[in-house]
Colleague: 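One structure is given below, represented as structure tokens, and several questions about it will come after.
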Amino acid sequence: MKPVPAAARGWIACAVAAAAVCDAPALWAGRTVDWAAVALLAAVLVAGERLPHRSPMLPVLLTGALLLPPAAAGLAAVPGALAGPPGGSAPGGPAWLRRLWHAALYSLAAACAAGVFAAARRVLPAGTPGALPAALAAALALAAVVAVLDAGVRGVRPGPWPAALAPALLHGTTALLAAVLWDSVYGPPAALLVLLPVTLSPRLLDRLRRDRADRRAAVHALVRAVDLKDHYTCGHGERVGRAAVLIGRELGVGGERLEALRVAGVLHDLGKLGVPTRLLRKAGPLTAEERRIVQRHPEYGHELVRGIGFPGEAREAILHHHERMDGTGYPYGLTGHQIPEAARIVAVADAFDAMTSTRTYSRARPVPVALAELRRCAGSHFDPRMVAALVRAIGREGWQTVDGMRETAVPDCGNVPPDHGPGGRPDPALPASLPGGER
């Protein structure tokens, strides 16, 4: 267990003593304190602290500060801090010490906020016009006390102040609304309905951010595994994801669907982890049996991501990105709009990058030639809408090729030269599965 520095122990002792002095008057105030409100607010704080991921309780503390006198507001904060898991910013030490520090921190902040609110109400106009500035002042006081005490126990200077105080303005207006409802005919249940979304939404957003970070880390690790297995296609997934996003934006796709397209493009070849390396790196043409093995990679990829929690559209694109509009693709021979839209987008992005990248079995083509080939095969291999969207996007934004060159020319889609290998000879290594040689 990490020992607590002497300065931190002294700071905690002073904070606990100050909180006891501030809260003690409530214990002998008798019936002048609304003990029902103290108990209910304390119960809400305990419930919030006991959630699997603790919710921010500052809006509830501030509501107590607007409803109760300083001593009672500070006392209401104590049970939640003591009942919850060890918290606060105490640097190490036993759990009981961190709980005690957490209780003192919140108790002093709530009591100070209640005192500021009461003082502001005495000098500001009566009624609602004066209540809002007073509530905002109380919120700023609460945030400032938390920041100063937190910095003191860690032995650092508080700040930056804008980051510490800005959320308090939102808490102030929310707490004022909750307090007004609490004292209205609607009572505490209506006030709790106001506090619930504010206290839970940051927790849910934080969990969502962590989930996204974990997913991005998983995507990066999986792509790295594919790149290590087939170094000739290193970076291919990232480029396909970028091209898929270009197409999606051109078609008006946004938000989570656009992210699903990016993930699908990045991971579309994940199933190649299940394909023998010798087939992926083979320079000559594949035999029929070898081609059958390689063509299982969309199904392997779909199985790999099915249990990871990726979006459904991304999984569908991974499974069907080698289907063709005319039904001659694989693995299921779907036709036209039977093929999911995300898969039709990734198919175009995949073929485009395959044609503009050098492989063991084909050399890179210029971007205009690759776009011309896509347009030639639109309707049979590819969805014409997706091809046209990519042509428009690259014509406007350009495309960074593997060698770092940026090409923007949009081709004249007349006659398109056939696939050629080094020296201008027809390349027998190009498989028939997709134009451009993508296996």
Side-chain angles (χ1 to χ4, degrees), residues 15 18-27 29-51 54-84 87-88 99 102-122 131-146 149 167-184 186-200 202:
V21 170
C22 289
D23 298 347
L27 298 178
R31 296 182 180 179
T32 59
V33 174
D34 185 354
W35 290 108
V38 172
L40 184 54
L41 288 168
V44 172
L45 289 167
V46 169
E49 294 286 353
R50 298 298 297 177
L51 287 171
R54 286 183 3 218
S55 297
M57 291 290 105
L58 294 187
V60 182
L61 291 175
L62 190 53
T63 301
L66 304 189
L67 289 170
L68 301 168
L75 192 62
V78 173
L82 294 179
R99 285 193 176 96
H102 194 194
L105 174 71
Y106 276 2
S107 179
L108 286 174
C112 181
V116 169
F117 181 73
R121 294 295 287 136
R122 284 194 293 269
L132 180 57
L136 294 179
L140 292 174
L142 185 145
V145 170
V146 169
L149 292 178
L169 300 178
L170 173 63
H171 297 329
T173 55
T174 302
L176 179 59
L177 177 59
V180 169
L181 288 173
W182 190 294
D183 284 335
S184 72
Y186 301 104
L192 295 179
L193 288 177
V194 171
L195 293 174
L196 187 64
V198 177
T199 55
L200 291 183

Colleague: What pairs with P25 under side chain to side chain contact (heavy atoms under 4.5 Å, CB included), at least two apart in sequence or on another chain?
Modeller: W28, A71
Colleague: Could you pull out the closest heavy-atom pair between G64 and L41, with the gap in Å?
Modeller: CA-CD1, 3.4 Å
Colleague: Name the residue from V78, L142, L58 that meets the side chain to side chain contact (heavy atoms under 4.5 Å, CB included) definition with Y106.
Modeller: L58
Colleague: Name all residues meeting the side chain to side chain contact (heavy atoms under 4.5 Å, CB included) criterion together with V180; count only those two or more places apart in sequence or in a different chain, and write none if there are none.
Modeller: L176
Colleague: Mind checking what makes side chain to side chain contact (heavy atoms under 4.5 Å, CB included) contact with D34, not counting sequence neighbours?
Modeller: A36, A37, L68
Colleague: Might you point out which heavy atoms bring A179 and L66 nearest each other, and give the distance in Å?
Modeller: CB-CB, 4.0 Å
Colleague: If you measure from OG1 on T63 to CG on L177, what distance do you get to the nearest 0.5 Å?
Modeller: 9.0 Å
Colleague: Looking at L40 and P188, what are the two nearest heavy atoms and their distance?
Modeller: CD2-CB, 3.6 Å
Colleague: Please enumerate all residues that pass side chain to side chain contact (heavy atoms under 4.5 Å, CB included) together with A15, with sequence neighbours excluded.
Modeller: W101, A104, L108
Colleague: As an exercise, state the distance from CG of L193 to CG of L181, rounded to the nearest 0.5 Å.
Modeller: 9.0 Å
Colleague: Measure the spacing between CG of L75 and CG of L27 and express it to the nearest 0.5 Å.
Modeller: 5.5 Å
Colleague: Please name the pair of heavy atoms, one in A175 and one in P59, separated by the smallest distance, quoted to 0.1 Å.
Modeller: CB-O, 4.1 Å
Colleague: Test: side chain to side chain donor-acceptor pair (under 3.5 Å). Region: residues 18-27. Which pairs qualify, not counting sequence neighbours?
Modeller: D23-S107
Colleague: Side chains of residues 111-119: which donor-acceptor pairs under 3.5 Å do they make with residues two or more places apart or in other chains?
Modeller:
none

Colleague: Using every non-hydrogen atom in the two residues, find where V146 and A109 come nearest and quote the distance to one decimal.
Modeller: CG2-CB, 3.7 Å
